[in-house]
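Note that these values count all heavy atoms, side chains included, but never hydrogens, waters or copies made by symmetry.
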Amino acid sequence: MALRADRGLRRPEGRRGDAERVLGDAVRRRQEGQPGHQRAQGRPGRAHPLPKPFAASNGQSLWSTEVWYTLNAIPGQTPPVNLALGKPATSDSNCSTSEKAARAVNGTTTNGNLDKWCSQGATKWLQVDLGSTQSVNKFVVQHAGTGGENTAWNTRDFNIQVSTNGTSWTTVSTVTANTASTTTHTIAATQARYVRLNVTTPASDGNTAARIYDFEVYGGTAPPATGNLALNKTATADSSCGTTEGPEKAVNGSLNGGNADKWCSLGATKWMQVDLGSSQNVSRITLKHASAGGENPSWNTRDFNLQTSTNGTTWTTVATVTGNTAGTTTHNFTTTSARYLRLNITTPASDGNAAARIYEFEAYSTTGTNRTVLFDGTNMNNFEGSGGSAVTWPLGNGGVEVLGGDIRSKESFGDFKLHIEFWLPNLPGSVTGQQRSNSGIYLQDRYELQVLDSFGVASAPGIDTCASIYNKIAATSNAATAPETWQTYDVTFRAARYNGTTKTENARVTVVWNGITVHNNVAIDGPTGNGAAETASAGKIRLQDHGDAGANLYYRNIWVEPVA
């Protein structure tokens, strides 16, 4: 619980500690329900007044009897987790490419028209895949007024449905004649993987557009977080070399912005800290130092340590490094629960340079999984080239450059989940079609998931554009981001089934591209071009080098989790 004297409290000089103690005593008495004080009732994240009368437990007189405090969490209770946050979201349509369903599950409502889902379709619906079946009991919908728009455009009539399979739906809440900007819908706990909001009347004044700024789902325990836990989280530091070199640059997922894309410090104590937002199970931290961003390798951080904390006050050192010269370092340690992660730099460079430089600070968890990390940015030891030869693809740009022929994972996989990120160069406009940063990810070495620069393509996705199952199944939408940005595939793959040597079921795949589901459990009726023959055996993950002229693409953060 964070305390703040919002109104009226003034401290005489030299009495700061006493004032904080008195205020803390007053709040503690209220929270603990001691005689003469009601137990606190309030909402986390809101400011609340202390009811009168109140007094310090030691009898000391108070300078003011009007005190407010901010309640971060009710003691003894676990803060609710928004199960829909960042999950794959789909919809019937969107008003524009900047108003897609993913904007309604990004956890923010403050970026104007670019921070909502909007639909003018004949049927207006928004659907979220929670990733697994969860116990849900509450939904919060942030309508037009929450984002600063006309409150007459708050969704008037709508219903909320749940499903465990995405096919059979149960209506759990129906609303008519709503005018509120935020609505909360509490239900009896029910099992759901998919949650759908159906809008029947979008506004009270006849406006035809549905507008949802955030769609939140609560109830069960969120599944373990995956991917880079530090990405875009709140970061602080002792200091910054310049206004463009703050700690937020070290958690933005990018290495490509030059000197303006790193945290830099010339402070007497050089540290940066990341708040993950809630306690997470962390077992690995990866740091991208000066040379990862193209600077002098002698400026790679020489001596440093890493610490974890659940409260931001008490710290545990999990890694200590001296004499480092590498541009990327990965630090594995026993899984620990931590909300705060801290990097302390004691010697910033090998050549005496006084500035600390960190291009990326990444954190990961492998708790409770049998995840295989195929590539973490440090080496290609889990891949092989043709005939089992060593991989010659060069490391760089925070990943590995596609250069030197196809490569395959040394390990084979049956059913699995795959996470992989790719970066495409900004090629000249004269380079078109299949020559624009072409590569492919072969699932089980048999089925190619296309990689291609499809950003800004106005036509509907084709069977050979990005995220297609090459020459077989087109993606349902174009979720491409601009060249020179990192893009993400999250793939759930179910291998073909066999009875002896007879295939009884086709392989199936779900693909989430940059947070948008573009294939939902689609069947693949056989190998794609240049794919290996189908058999009942497991297969490798192959990354294709298409061999086109010009700048090359890069891959990074590749991991596989076998699925039982």
### Task
Kindly determine whether L452 and L424 satisfy side-chain contact (heavy atoms from CB on, under 4.5 Å), including the steps that lead there.
CA-CA 8 Å; L452 191 74; L424 308 180; over 6 Å; no
### Task
Go through the steps for T108 and T110 under the test side-chain hydrogen bond (donor to acceptor under 3.5 Å, both in side chains), then give the verdict.
CA-CA 6 Å; T108 69; T110 57; 5.0 Å; no
### Task
Report the C-alpha distance between N94 and E99 in whole Å, list the side-chain angles of each, state the deciding distance to 0.1 Å, and finish with yes or no for side-chain hydrogen bond (donor to acceptor under 3.5 Å, both in side chains).
CA-CA 6 Å; N94 48 269; E99 298 173 307; over 6 Å; no
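Within the 4.5 Å cutoff, no side-chain heavy atoms of N530 are placed close to those of E448. Taking 4.5 Å as the limit, some side-chain heavy atom of S91 sits within range of a side-chain heavy atom of W117. Taking the side chain as every heavy atom from C-beta outward, Q450 and T528 never approach each other to under 4.5 Å. Between L276 and Y340 there is no side-chain heavy-atom pair separated by less than 4.5 Å. Side chains of W393 and Y555 form a contact here, defined as non-hydrogen atoms less than 4.5 Å apart. L418 is not listed as a side-chain neighbour of F413, based on a closest heavy-atom distance of 4.5 Å or more. Side-chain contact between D548 and Q435: present, with at least one pair of heavy atoms (C-beta onward) separated by less than 4.5 Å. Put simply, the side chain of L287 reaches to within 4.5 Å of the side chain of F361, judged on heavy atoms.
Between R497 and D415 a salt bridge is recorded (basic side-chain N to carboxylate O distance below 4.0 Å). Look at R339 and D275 and you find a salt bridge, because one of the NZ, NE, NH1 or NH2 atoms lies within 4.0 Å of a carboxylate O, short of that distance.
No donor-acceptor distance shorter than 3.5 angstrom exists from the side chain of Q487 to the backbone of V451, with no hydrogens or angles considered. Here the side chain of N478 pairs no donor or acceptor atom with the backbone of P461 at under 3.5 angstrom. Not a single donor-acceptor pair under 3.5 Å links the side chain of D115 to the backbone N or O of Y213. Between the side chain of D92 and the backbone N or O of W125 there is at least one donor-acceptor pair closer than 3.5 Å. The closest donor-acceptor contact from the side chain of D445 to the backbone of K540 lies at 3.5 Å or more, if one exists at all. In this structure a side-chain-to-backbone donor-acceptor pair under 3.5 Å is missing from W423 to P483. Looking only at distances, no side-chain donor or acceptor of R436 sits under 3.5 Å from a matching main-chain atom of N426. When atom types are taken as modelled, the side chain of T492 and the backbone of T510 share no donor-acceptor pair closer than 3.5 angstrom. Not one N or O on the side chain of R302 forms a donor-acceptor pair closer than 3.5 Å with the backbone of S350. The closest donor-acceptor contact from the side chain of E245 to the backbone of K262 lies at 3.5 Å or more, if one exists at all.
Remark: the N300 side chain and the S291 side chain contain an N/O donor-acceptor pair separated by less than 3.5 Å. A donor-acceptor contact closer than 3.5 angstrom links the side chains of E401 and N552. Residues S265 and S239 have side chains that bring a donor and an acceptor to within less than 3.5 angstrom of each other. No side-chain donor from either of S437 and D453 sits under 3.5 Å from a side-chain acceptor of the other. E421 and N557 are linked by a side-chain donor-acceptor pair at a separation below 3.5 angstrom, with hydrogens and angles left out of the test.
Taking the six-membered ring for Trp and thresholds of 30 and 60 degrees, H331 and F304 have ring planes more than 60 degrees apart, a perpendicular arrangement.
Considering all non-hydrogen atoms of both residues, D261 and S254 come closest at OD2-OG, 2.7 Å. Nearest heavy atoms, N165 versus Y194: C-CE1, 3.4 Å. Here the closest heavy-atom approach between residue N228 and residue A363 is recorded as OD1-N, 3.0 Å. Pairing each heavy atom of G404 with each of D545, the nearest pair is N-OD2, 3.0 Å. Heavy-atom minimum distance, Y359 versus G258: CE2-O, 3.4 Å. Taking both residues in full, the closest heavy atoms of R446 and E534 are given as NE-CA, 3.9 Å, listed atom of the first, atom of the second, then distance.
Taking the six-membered ring for Trp, F493 and Y447 have ring centres closer than 6.0 Å.
The only option from S119, C118, S93 that meets the side-chain contact (heavy atoms from CB on, under 4.5 Å) definition with K124 turns out to be S119. With respect to E362, the salt bridge (charged side-chain N to carboxylate O under 4.0 Å, His left out) criterion is satisfied by exactly one of K233, K288, R284: K288.
Rounded to the nearest 0.5 angstrom, Y554 OH and F422 CZ are separated by 15.5 Å. In this structure, the separation between CG on L374 and CD1 on I558 is 6.5 Å, given to the nearest 0.5 Å.
Around the NZ atom of K417, the shell of radius 6.0 Å holds no more than 12 heavy atoms that belong to other residues, nucleotides or ligands.
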